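On a predicted model such as this, the values are computed, not experimentally measured, just so you know. Residues: numbered from 1 along the sequence shown. Just so you know, ligand 1 is whichever comes first in the structure, and atom 1 is the first atom listed for that ligand.
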Amino acid sequence: MLLDIRNLIVELPVGRELRRIVADVSLGIGEGESLALVGESGSGKSMTTKAITRTLPAGARVSGEVRFDGRLVGAMSERELESYRREQIGLIYQDPRAHINPVRRIEDFLLEGLLLFDTRPRAVLRQKVADLLQEVGIADPDRCLGSYPHQLSGGMLQRVAIAAALSTQPRLLLADESTTALDVTTQAEVALLLKQLQTRRGLSVLFITHDLDLAAQICDRTAVMYAGRIVEMQPSRALYAAPAHPYTKGLLQSRPSVDRRYERLPTLPGSPTPAYEAPAGCPFAPRCTERMPICSAEVPPLKSHGVAELACHLGAAARGGN
Ligand SMILES: Nc1ncnc2c1ncn2[C@@H]1O[C@H](COP(=O)(O)OP(=O)(O)OP(=O)(O)O)[C@@H](O)[C@H]1O
Ligand SMILES: [Mg+2]
């Protein structure tokens, strides 16, 4: 496993209390593999990615293990951490406009980081970033390099941000809802680009989204998070065709679809719960239509059922008995 997270718990200080945001997350991403992390707002997706880069808010308390290529991220020195972040991880942000200096040309933006660590002449590095822009689907890299951010569309700028993330040849791309600030067509294009990069460069990808359809289209596997826990993880196609957890079933039924017509969209009853407000037992129990007495008493552990991993007391029964 390139990335291996075991029993991650993240608690953040709010006033005098520590709030549990990530309650128990274990997941692995192999070399060249992509995993989608899906879940409603507040389920702990972003804090899980911040634990990977060790960029959690000040005062955060972390337990469990995050390993990258066998190395414990929690045990890295500041110096190791800095080169780990720069060389191994490519971050793709939700809103590229917020991360690209508006008064500098794209060429300067793309070269500034590289020039610090790469001693080759500027012209060589400029050619390198022009090639990267071409690789991410920008037809006229020279023109793009000479532009200012406001002269580019949101989709173009997202491609520039992806080129920037690729410039240090990372092994893992972390895309935290990089697509939600974009319109749906651009969103699908960018997601497709991430998939191409994964295949072409053998990159590992962690793709965070609310959109199960998009997750299934571009990622090998999908993990579903609820109240700071992974409740189900399966190969994306299998999850899509035969969701096992009642929460995943609810998510799939409540999403709008162009192939299906409803008088009203079915919605999941109740509202999502953050981990620190989760009741005893299974955090989804209060909203679950298949709830049993044990569900309010014991947290179901994440267990393997063939290719699926599932945290549900229904166990194999949730998968139709197989
Ligand atoms: N600095 C902070 N201190 C304390 N609590 C925080 C802090 N930042 C976020 N939170 C809390 O963490 C929870 C959100 O976790 P996280 O950002 O990982 O969710 P998410 O799954 O990424 O949600 P979204 O889909 O909205 O991005 C919320 O309950 C929020 O109030
Ligand atoms: Mg988030």
Side-chain angles (χ1 to χ4, degrees), residues 3 5 7-27 29 35-64 66 73 89-99 158 161 165 172-182 184 187 190-191 194 205-216 218-219 221-233 245 247-248 250-252 254-256 267-268 270-279 283-284 286-287 302 311:
L3 177 72
I5 302 181
N7 304 111
L8 177 71
I9 298 177
V10 175
E11 291 169 312
L12 298 178
V14 175
R16 285 200 195 153
E17 65 170 308
L18 270 178
R19 279 192 179 163
R20 188 161 286 205
I21 307 295
V22 177
D24 187 3
V25 165
S26 296
L27 60 87
I29 304 181
L35 176 72
L37 197 53
V38 179
E40 284 164 297
S41 194
S43 55
K45 305 180 301 292
S46 292
M47 292 303 155
T48 301
T49 63
K50 286 178 194 262
I52 297 170
T53 49
R54 235 174 91 185
T55 49
L56 285 162
R61 199 157 78 187
V62 182
S63 74
V66 177
V73 174
I89 309 263
L91 283 179
I92 295 164
Y93 298 100
Q94 178 165 1
D95 178 8
R97 271 191 215 283
H99 294 273
Q158 188 58 286
L172 173 66
L173 285 186
L174 286 182
D176 190 352
E177 286 186 323
S178 56
T179 50
T180 44
L182 305 170
V184 279
Q187 201 175 84
V190 170
L194 289 178
V205 178
L206 179 60
F207 182 67
I208 296 188
T209 176
H210 292 127
D211 188 334
L212 261 172
D213 294 80
L214 206 56
I218 76 155
C219 290
R221 281 184 306 141
T222 297
V224 178
M225 253 181 111
Y226 190 81
R229 295 172 185 276
I230 289 184
V231 295
E232 173 165 11
M233 183 151 52
H245 197 284
Y247 176 57
T248 318
L251 276 182
L252 278 168
S254 62
R255 79 204 199 289
T267 48
L268 280 168
S271 51
T273 317
Y276 57 89
E277 283 176 359
F284 187 62
R287 300 172 76 188
L302 192 68

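For the pair Leu91/His99, no side-chain contact is recorded, criterion being any heavy-atom separation below 4.5 Å from C-beta on. Residues Leu12 and Tyr276 fail the side-chain proximity criterion, which asks for heavy atoms closer than 4.5 Å. Within the 4.5 Å cutoff, no side-chain heavy atoms of Ile92 are placed close to those of Val190. Residues His245 and Val224 fail the side-chain proximity criterion, which asks for heavy atoms closer than 4.5 Å. Counting only heavy atoms from C-beta outward, the side chains of Asn7 and Ser26 approach each other to under 4.5 Å. For the pair Leu27 and Leu3, the minimum side-chain heavy-atom distance is below 4.5 Å.
Within ligand 1, counting atoms from 1 as listed, the ones closer than 4.0 Å to a heavy atom of His210 are 25 (O). Residue contact check: Tyr276 has heavy atoms under 4.0 Å from atoms 29 (O) of ligand 1. Near Gly42, meaning under 4.0 Å from one of its heavy atoms, ligand 1 places the atoms 14 (C), 19 (O), 20 (P), 21 (O), 23 (O), 24 (P), 26 (O). Those atoms of ligand 1 that come under 4.0 Å of a heavy atom in Ser43, given as number and element, are 19 (O), 21 (O). Under a 4.0 Å criterion applied to the non-hydrogen atoms of Ile21, ligand 1 contributes the atoms 11 (C), 12 (O), 13 (C), 15 (O).
For a threshold of 3.5 Å applied to N or O pairs, the pair formed by Ser46 and ligand 1 contains at least one separation below that value. Geometrically, ligand 1 and Val14 share no nitrogen or oxygen pair separated by less than 3.5 Å.
Put simply, NE2 on His210 and CG on Leu37 are 10.5 Å apart, with the number rounded to the nearest 0.5 Å. Atom SG in Cys219 sits 11.0 Å away from atom CG in Leu212 (nearest 0.5 Å). Residue Ile29 holds its CD1 atom at 7.5 Å from CZ of Arg221, rounded to the nearest 0.5 Å. The distance from the CD atom of Glu277 to the OG atom of Ser271 is 9.0 Å, given to the nearest 0.5 Å.
Closest to atom 6 (C) of ligand 1, if we only count protein heavy atoms, is Leu12 CD1, 3.4 Å. Protein heavy atom closest to atom 25 (O) of ligand 1, with residue, atom name and distance, is Lys45 NZ, 2.7 Å. Protein heavy atom nearest atom 27 (O) of ligand 1, with residue, atom name and distance: Glu177 OE1, 3.5 Å.
Remark: of the listed residues Thr48, Leu35, Thr49, Leu174, Thr49 is the sole one forming a side-chain contact (heavy atoms from CB on, under 4.5 Å) with Ile208.
Note on residues 35-53: pairs passing salt bridge (Lys or Arg N to Asp or Glu O under 4.0 Å), not counting sequence neighbours, are Glu40-Arg287.
Residue Ser41 holds the heavy atom nearest to atom 24 (P) of ligand 1 of all those in Ser41, Gly15, Gly39. The residue from Glu277, Met47, Met225 that puts a heavy atom closest to atom 18 (O) of ligand 1 is Met47.
Counting only protein N, O or S atoms, 1 lie closer than 2.8 Å to the Mg ion (ligand 2).
Within a 4.0 Å radius of atom 30 (C) of ligand 1, the protein contributes no heavy atom.
Of all non-hydrogen atoms in Leu173 and Ala165, the two that sit nearest each other are CD2-CB, 4.4 Å.
The proximity of Pro57 to ligand 1, defined as any non-hydrogen pair under 4.0 Å, is limited to the side chain.
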